[in-house]
Visitor: 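Take this structure first; my questions come after.
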Amino acid sequence: MDKRYQPDKETDIYKLWEKKRAFTPIVPANPTEAKKKHKPFTIILPPPNANDPLHAGHALYVVEDIMIRFHRMLGDPTLWLPGTDHAGIETQFVFEKHLTQKGKSRFDYDRQTLFQMIANYVNKNRGIAVKQMKRLGFSLDWTRERFTLDPAHTKRIFAVFKKMYQDGLIYRDEQIVNYCTHCGTAFSNLEVIHKQVNSHLWYFKYPLIDNPKEFIEVATTRPETMLGDTAVAIHPKDPRYQKYKGKKILLPIINKEIPIIFDKMIDPDFGTGAVKVTPAHSPEDFQMAKTHHLNIINIINFDGKFNNKAPKKYRGFYATQVRKMVIEDMDKLGFLSKVEDYSHQVGHCYRCHNPIEPLLTPQLFVKIKPLADKAVEAVKQKKTKFFPQRFQKNFFQWMDKIRDWPISRQIIWGHRIPIWYNLDERDDFLISFVDDNKKLISSYWLDIKKKYDFDTVKKGLQSIIAPAKANYYLSEKDALKHGPLVLQETDTFDTWFSSAQWPYSTLGWQADGQHSPDFEYFYPTTVLDTMWDILFFWVARMIMIGIYATGQVPFEIAHMHSRVNDLHGKKMSKSKGNVIEPIKIAEEFGADALRMALVYGVAPASDIALSTDKIRAQRNFVNKIWNASRFVNIIIDRFQQNHPNLLVNLPSSFSELRNLTKHPDDLEIIADLEKVIKSTTKNLKTYRFGQASEDLYQFFWHQFCDSYIEKTKDKGVDVIPVLVFVLINSLKLLHPFIPFVTESIYQNFKQTFAFKEGLLATSSWPKTS
RNA sequence: GGUUGUUUAGCUCAGUUGGUUAGAGCGCAUCGUUCACAUCGAUGAGGUCAGAGGUUCGAAUCCUCUAACAACCACCA
């Protein structure tokens, strides 16, 4: 044995596990019956981005690996199913950056071509994450690896989409959505970050039609939207404005009559108590427009520029530019009465950090309330439990005020939504395509069809925006019944709509009920482990859709872990330069050291401060284990030199061992071992990995090495049975945490002892009695 | 505005159901390498457990309040 533990042997150990198929469970012939007798332990890996290397957060998969290895050793049928994520918008965003560097943009290509380009790019990088997960020792069953764009997965999410449609849970509607004009797509509320912004409150005077000398003052943070105002709103009980009931007002610049409306939504204490109403660019105003039947004028395009509904001089300018122009113009007209400093929350895109533009656009929604109700019920019935429990409260709170979920995204790297439109039915589809000269054409079908034939449009298609009222069909065949000119929706599903279905889809759920044996055996899965930041994005939605599709919760335990921070507890980021790359660490200190450092002394769901100091300390621990084993080896060698024909007998149980010795030192370490077996087993069952690792560290280093081994040094070879027994059992206890070094030592000892079990990874968990 | 979390040794953090002199790693000081490991061993310094009040025979741990910090949720112009 080497004097020091060499982590470079870790890859060979992993190959050994793979060769022996140590991580592939056997599914019995009758899974439904078999699982009643012995319940499998199942985790579906939260799929990492397929084309990105792992970051420190991913290294926390170690928590799942600990659970998996523990249950495998307990003898449970154990499955940890791996997969990778196409990571829709993230990946497209990165790819577009590459395009920009080449002086190109996504608008230079038709949809099909661009999709293929991204696919090629991802395929080139795929495998990095997989290789790295192996390097970190994760005992995933690679025979079951999945990808979120697998045709089988696509087929399943489409089937569920269709079922939802048939159940009336899917609708297309024109609503105010969070639109990022830079990313060119709509987002759900969760993808909007609210930032405190120091701005101003502008007070505008709108003159009354009856008496142009009389004004109503409105206060606004967004002056530019006044070009789309269609009313002024006041709280119905506001005494200051009672006299204006039924009156009309003049919208300056536009010079148009607009009504004064009264609505409870208005807070009389804000500004002047009178508020301008811009239905197309504010969710509240849109709401009011519906109740009061106001006009809705959309003045901002998807690219963020003002359109031809705005007066000529503002057209083609961005909101920030128009804001300046409007303020200046209102001031010149004498309608700007005052400006106050004002600090308020403004929604920003989580991706590119630009302000979100609330825009009126048709999107596809999921009616979420019926799904949420069932999910809440299931959690109340403890069918899914949260750990730590406090996250359950977060879950309930969010579910309580959940709103319908917009699931269409205006990006192309994802699952193209399976609905079709018929262009024979109407000509107000807004279509963008590249023509034969690679020129981008963007207009209504009404105009396009005069100059281009349908096939050219279809071939070069980039996007189609169907009016909210347009018919849509769930299959191309159905759409073709109404005429030959059929185009598929160009939007894709929100990545989370597909991820929400990951647990049952990866296990082979089938829409027709002919599920695979895997599904029958392993579903519902046991634990879902992830960081709390995607509790709503993912965990809640998996529960909702899982119950909807399969009638069962997707997992029994939602286990939340925390973020891996740097040594000062600060969030890692490339710009701060404090990023720790797990693979580099594994190469320098060994994967085991990194794994141990990630769980040692960490309380459930509390932030993790990771430092090279901490990793080094654990590397030393790994080396300590290695050297203790080396010592035991040396003692055994000595024994064998003197007794070449005698085999070392390894006691198989505590009682057998106790029959061999009555020495108080021996009895003490034996009792301590029993204690740590009990505590570790209990801690692992209750997800206290930090405590478990600390106890083991303490036991092995201080009780076993510092105390017991030191005492054995003046004794003869009689101590061998105790020494070996304690060592092997310690290796087993430590194996879920540090699988490489423990397996490596075990394989070394195999030459000395005739172990029944070929691999430590599939050996049995220590028993105390 | 609502919610949750954090506050323990110089640094980063443990401390499950309240129970003897409050723990670890790193760092620091002194000593020690023939005899598994200097990626080591021995010894030691260092904390009024954020503050105040309460419950209790007993509180870092339970309750109330206060302060600082952090995070999440939220269609207030």
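The structure presented is a predicted model; accordingly, all values stated were derived computationally and were not measured. Here is how names work: the chains are called A, B, and so on, in the same order as the sequence lines, proteins then strands, and each is numbered from 1.
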Visitor: Can you tell me, in whole Å, how much space there is between the C1' of A52(B) and that of C13(B)?
Guide: 27 Å
Visitor: Using atom OH of Tyr600(A) as one end and atom C1' of C26(B) as the other, report the distance to the nearest whole Å.
Guide: 11 Å
Visitor: Distance check, rounded to the nearest 0.5 Å: Trp626(A) atom CH2 versus Ile738(A) atom CD1?
Guide: 12.5 Å
Visitor: Any side-chain heavy atom of Leu727(A) sitting closer than 4.5 Å to one from Phe749(A)?
Guide: yes
Visitor: How close or far is atom P of A77(B) from atom CD1 of Ile266(A), stated in whole angstroms?
Guide: 12 Å
Visitor: Please confirm whether the shortest side-chain N or O distance from Asn620(A) to OP1 or OP2 of C40(B) is below 4.0 Å.
Guide: yes
Visitor: Determine the contact category for Ser282(A): base if any of its heavy atoms lies under 4.0 Å from a base atom, sugar-phosphate if only primed atoms, P, OP1 or OP2 are that close, otherwise nothing.
Guide: nothing
Visitor: Between Trp701(A) and Phe270(A), which residue's closest nucleotide on RNA chain B lies nearer the 5′ terminus?
Guide: Trp701(A)
Visitor: Can you check whether Phe187(A) and Tyr350(A) have ring centres sitting under 6.0 Å from each other?
Guide: yes
Visitor: Mind calculating the distance between NZ (Lys614(A)) and C1' (C26(B)) to the nearest angstrom?
Guide: 11 Å
Visitor: Which nucleotide, in any strand shown, forms a Watson-Crick or G-U wobble pair with C57(B), with both distances under 3.5 Å?
Guide: G19(B)
Visitor: Please name the nucleotide paired to A29(B) by Watson-Crick or G-U wobble geometry with both distances under 3.5 Å, or report none.
Guide: U43(B)
Visitor: Distance alone, cut at 3.5 Å: any donor-acceptor contact between the side chains of Ser343(A) and Gln196(A)?
Guide: yes
Visitor: Can you tell me, in whole Å, how much space there is between the P of U48(B) and that of A9(B)?
Guide: 8 Å
Visitor: Which label fits Tyr244(A) and Tyr241(A): parallel for a plane angle under 30°, tilted from 30 to 60°, or perpendicular past 60°?
Guide: tilted
Visitor: Near RNA chain B, counting only heavy atoms under 4.0 Å, which residues of residues 687-698 of chain A show up?
Guide: Arg688(A), Gln691(A), Glu694(A), Tyr697(A)
Visitor: Counting side-chain heavy atoms from CB outward, which of A36(B), G25(B), A77(B) is closest to Ala628(A)?
Guide: A36(B)
Visitor: Asp695(A) versus Gln698(A): any side-chain heavy-atom pair under 4.5 Å?
Guide: no
Visitor: Does Ser629(A) reach a base, just sugar-phosphate, or nothing at all? Heavy atoms under 4.0 Å.
Guide: nothing
Visitor: State which of A14(B), C73(B), C72(B) makes the closest approach to the side chain of Ala603(A).
Guide: A14(B)
Visitor: Between the base of U39(B) and the side chain of Arg619(A), is there any donor-acceptor pair under 3.5 Å?
Guide: yes
Visitor: Which nucleotide in the list G5(B), G41(B), A71(B) gets nearest to the side chain of Asp706(A)?
Guide: G41(B)
Visitor: Provide, to the nearest angstrom, the distance between the CE atom belonging to Met288(A) and the P atom belonging to C76(B).
Guide: 13 Å
Visitor: My understanding is that a pair needs two contacts under 3.5 Å, Watson-Crick or G-U wobble. By that rule, which nucleotide pairs with C72(B)?
Guide: G2(B)
Visitor: I need the CD1-C1' distance between Ile176(A) and A74(B), as an integer number of Å.
Guide: 18 Å
Visitor: Indicate, with a heavy-atom threshold strictly under 4.0 Å, whether Trp532(A) touches base, sugar-phosphate, or nothing.
Guide: sugar-phosphate
Visitor: Taking the six-membered ring for Trp and the full ring for Phe, Tyr or His, determine whether the centres of His559(A) and Tyr687(A) are under 6.0 Å apart.
Guide: yes
Visitor: Distance check, P atoms only: C69(B) and G54(B), in whole angstrom units.
Guide: 28 Å
Visitor: Closest approach to the side chain of Asn627(A), judged atom by atom: which nucleotide of A36(B), U3(B), U16(B) is it?
Guide: A36(B)
Visitor: Name the closest nucleotide to the Ala617(A) side chain, picking from C26(B), C37(B), A71(B).
Guide: C26(B)
Visitor: Closest approach to the side chain of Glu710(A), judged atom by atom: which nucleotide of G15(B), A36(B), U16(B) is it?
Guide: A36(B)
Visitor: Return the value, rounded to whole Å, for the distance between atom CZ of Phe536(A) and atom P of U3(B).
Guide: 14 Å
Visitor: Under the salt bridge (charged side-chain N to carboxylate O under 4.0 Å, His left out) rule, collect the residues that match up with Lys276(A), sequence neighbours excluded.
Guide: Asp229(A)
Visitor: Is the shortest side-chain N/O distance from Tyr342(A) to OP1 or OP2 of A77(B) below 4.0 Å?
Guide: yes
Visitor: State the pairing partner of A52(B); accept Watson-Crick or G-U wobble contacts with both distances under 3.5 Å, and report none otherwise.
Guide: U64(B)
Visitor: Tell me whether the side-chain N/O atoms of Lys624(A) come closer than 4.0 Å to OP1 or OP2 in G41(B).
Guide: yes
Visitor: Please state the C1' separation for the pair U30(B) and U17(B) - nearest whole angstrom.
Guide: 42 Å
Visitor: Does Arg616(A) make a side-chain donor-acceptor contact with the base of U39(B), cut-off 3.5 Å?
Guide: no
Visitor: For Pro268(A) and Arg630(A), take the nucleotide of RNA chain B holding the closest heavy atom to each; which residue's nucleotide lies nearer the 5' end?
Guide: Arg630(A)
Visitor: Salt bridge or not between Asp238(A) and Arg240(A)? Use side-chain N to carboxylate O under 4.0 Å.
Guide: yes
Visitor: Quick one: label Asn623(A) by what it contacts on the DNA or RNA (base, sugar-phosphate, nothing), any heavy atom closer than 4.0 Å.
Guide: base
Visitor: Please report the distance separating the P of C28(B) from the corresponding atom of G51(B), rounded so that it comes out in whole Å.
Guide: 29 Å
Visitor: Name the closest nucleotide to the Leu190(A) side chain, picking from A74(B), C37(B), A77(B).
Guide: A74(B)
Visitor: Is the phosphate of A74(B), meaning OP1 or OP2, less than 4.0 Å from a side-chain N or O of His194(A)?
Guide: no
Visitor: When the P atoms of A24(B) and A45(B) are considered, how many whole Å apart are they?
Guide: 12 Å
Visitor: Rounding to an integer number of angstrom, what distance separates A14(B) and C26(B) when you compare their C1' atoms?
Guide: 14 Å
Visitor: How many Å lie between CD on Gln618(A) and C1' on C37(B), as a whole number?
Guide: 16 Å
Visitor: Think Thr278(A) has a side-chain N or O under 4.0 angstrom from the OP1 or OP2 of A77(B)?
Guide: no
Visitor: Hey, would you say the Phe215(A) and Tyr206(A) ring centroids sit under 6.0 Å apart?
Guide: no
Visitor: It should be established whether Lys713(A) places a side-chain nitrogen or oxygen under 4.0 Å from OP1 or OP2 of nucleotide A36(B).
Guide: yes
Visitor: Just how far, in rounded Å, is C1' of C40(B) from CZ of Phe631(A)?
Guide: 14 Å
Visitor: Quick one: are Leu594(A) and Arg619(A) in side-chain contact, heavy atoms under 4.5 Å?
Guide: no
Visitor: Taking atom C1' in both A74(B) and A60(B), compute the distance separating them and give it to the nearest angstrom.
Guide: 35 Å
